[in-house]
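Here the structure comes first, spelled out in structure tokens, and everything after it is commentary.
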2 protein chains.
Amino acid sequence: MPGTSKKLRELLEPVRIREIGEAALRVVSRKGLEGMTMQEIADEAGLAKGTLYLYFDSREELVVHVAESAFQELHLAVTEALGREGTFPDRLAAATLTHVEFFEHRRDLFRLFLSVAHPGPGADHSARHHRSGHPLYRAYLDLFASFFAAGQARGEIRPFPPDRLALFVAEGLAGLILRRLGETDPPPVEEDVRLVVDALTGGIHVRRTP
Amino acid sequence: MPGTSKKLRELLEPVRIREIGEAALRVVSRKGLEGMTMQEIADEAGLAKGTLYLYFDSREELVVHVAESAFQELHLAVTEALGREGTFPDRLAAATLTHVEFFEHRRDLFRLFLSVAHPGPGADHSARHHRSGHPLYRAYLDLFASFFAAGQARGEIRPFPPDRLALFVAEGLAGLILRRLGETDPPPVEEDVRLVVDALTGGIHVRRTP
DNA sequence: AAGTCTACTGACCAAACGGTCATAGGAATG
DNA sequence: CATTCCTATGACCGTTTGGTCAGTAGACTT
């Protein structure tokens with residue numbers, strides 16, 4: 001709608017930004033971050049390609065915007081779960097369940113999550129922060145690492161390096177989620193969550209009765 | 001060398017194929033699968049781009065060739081490790097160590113491994129076998145799944161679904177390896193291996209003395 | 001030496017991409 | 001109604017890619 005009143009502009013701009021962001025998210029969910037083209041986002045949003053550049057200076061800026069809002073949402077949800085009352089396995093289960101369910105209900109976000117977690121050959125990506133994952137992903141991992149570290153301080157968790165333990169768990173979880181998204185009829189969420197939590201807390205090995 | 005004798009041709013062709021494959025591998029290790037261009041492979045192999053199409057019909061065919069030889073190598077190494085004598089944790093540790101060290105010494109293979117394990121929007125990829133990962137990756141996962149299943153049959157491993165357990169472990173490991181490759185001075189391989197094996201066999205939770 | 005065979009070459013092509021810009025046209029203003 | 005203002009447009013551009021093909025040159029055959 002060209003020519004909207006001047007007062008409406010400050011109302012319209014955030015709306016357009018959200019519309020474009022959501023369209024971009026849908027495209028990412030279908031094609032992945034690499035396959036996401038500006039033209040397809042424009043079509044998805046019902047706008048022309050040039051219009052996108054009225055609200056975002058470049059493709060990269062749009063990607064950052066979308067990634068940030070997505071990670072913020074996930075971060076918040078998992079932080080809440082980790083902060084609940086309960087034993088260590090209880091809270092780990094709550095966080096794991098939250099993580100899996102988050103992507104269960106918002107499947108479109110997961111491919112973005114993966115792309116950010118394991119960035120490709122991105123231009124300045126590699127130079128600035130490619131060393132061990134995107135800052136957004138590192139921040140998310142720190143959530144789990146801090147949880148494990150706190151558990152170790154209270155003597156509830158064996159002394160593995162918390163950051164590496166977090167990485168192992170997060171990546172293992174991501175693998176399970178990716179599998180789930182590919183399955184036409186995946187097992188109940190709780191089943192996969194229980195696998196992770198039980199395997200982690202008690203181990204998978206059957207100890208002979210001593 | 002144009003105009004080689006006719007008899008040498010059947011000697012030369014496998015050599016060229018290997019040369020091109022190895023050049024492609026080096027390019028993949030630098031730029032990732034998406035960033036791998038035919039021109040750069042040609043330069044790396046000291047050939048013209050057109051020559052590549054004398055030995056491979058398309059880019060896709062070249063990728064499959066490279067991936068297959070790489071997976072075969074990994075498959076063989078891990079199969080050997082899983083088949084050794086020893087207790088369950090011993091053999092799991094051997095396989096894990098083999099897996100990590102394989103990529104430690106041949107870093108160039110890991111990005112290919114990841115690309116195959118988590119394929120992007122590839123054209124007919126998605127249609128034919130995108131459902132839950134590339135067949136090559138599924139075959140590799142089955143290696144671990146069978147190992148876990150055998151352990152369960154002997155009552156050594158708790159009854160988690162073996163395929164999902166394998167997926168969880170493999171992806172967690174992949175995360176650790178990816179991190180290692182990004183680190184300028186990663187911790188000893190054994191340290192990360194011990195984390196995985198100990199966390200899996202005994203669990204990370206400190207059980208109160210009963 | 002002339003002719004043939006063929007591995008090899010690199011200029012070339014069409015398609016697809018991110019990004020630009022002159023233009024259009026409805027709302028606000030007078 | 002005339003003018004101004006501004007969002008939205010889509011044709012267009014430069015670049016990069018996978019893939020092609022007429023032509024080159026060196027070794028074999030006779």
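- Closest approach to the B:Met38 side chain among D:dG10, C:dT20, D:dG18 is made by D:dG18 (side chain taken as heavy atoms from C-beta onward).
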Passes salt bridge (Lys or Arg N to Asp or Glu O under 4.0 Å), B:Glu40 versus B:Arg30? Steps please. CA-CA 11 Å; B:Glu40 193 166 349; B:Arg30 285 202 302 265; 3.1 Å; yes

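- Here the nucleotide nearest the side chain of B:Leu54, chosen from C:dC8, C:dG19, D:dT9, is C:dC8.
- Closest contact between the side chain of B:Arg16 and the listed nucleotides C:dG18, C:dG10, C:dC8 involves C:dC8.
- As a whole-Å value, the separation of B:Gln39 CD from D:dT15 P is 17 Å.
- Contact annotation for B:Thr51: base contact, defined as any heavy-atom pair under 4.0 Å involving a base atom.
- Candidate nucleotides C:dC17, C:dT9, D:dT9 were compared by shortest atom distance to the side chain of A:Leu47, and D:dT9 ranks first.
- Atom P of nucleotide C:dC17 and atom CD of A:Glu34 are separated by 13 Å, given to the nearest angstrom.
- Protein atom CZ of B:Arg59 is 10 Å distant from nucleotide atom P of D:dT17, rounded to whole Å.
- You'll find that the side chain of A:Ser58 is closest to C:dG19, out of D:dT17, D:dA8, C:dG19.
- At a threshold of 4.0 Å, the pair A:Glu73-A:Arg106 counts as salt-bridged, since one of the basic side-chain nitrogens sits closer than that to a carboxylate oxygen.
- For B:Tyr55, a side-chain nitrogen or oxygen approaches OP1 or OP2 of C:dC8 to under 4.0 Å.
- To the nearest 0.5 Å, atom CZ of residue A:Arg138 and atom CG of residue A:Asp163 are 8.0 Å apart.
- None of B:Tyr55, B:Tyr53, B:Phe56 except one satisfies the side chain to side chain contact (heavy atoms under 4.5 Å, CB included) rule with B:Leu62; the exception is B:Phe56.
- The nucleotide whose nearest atom lies closest to any side-chain atom of A:Lys49 is, among C:dC8, D:dG19, C:dG19, C:dG19.
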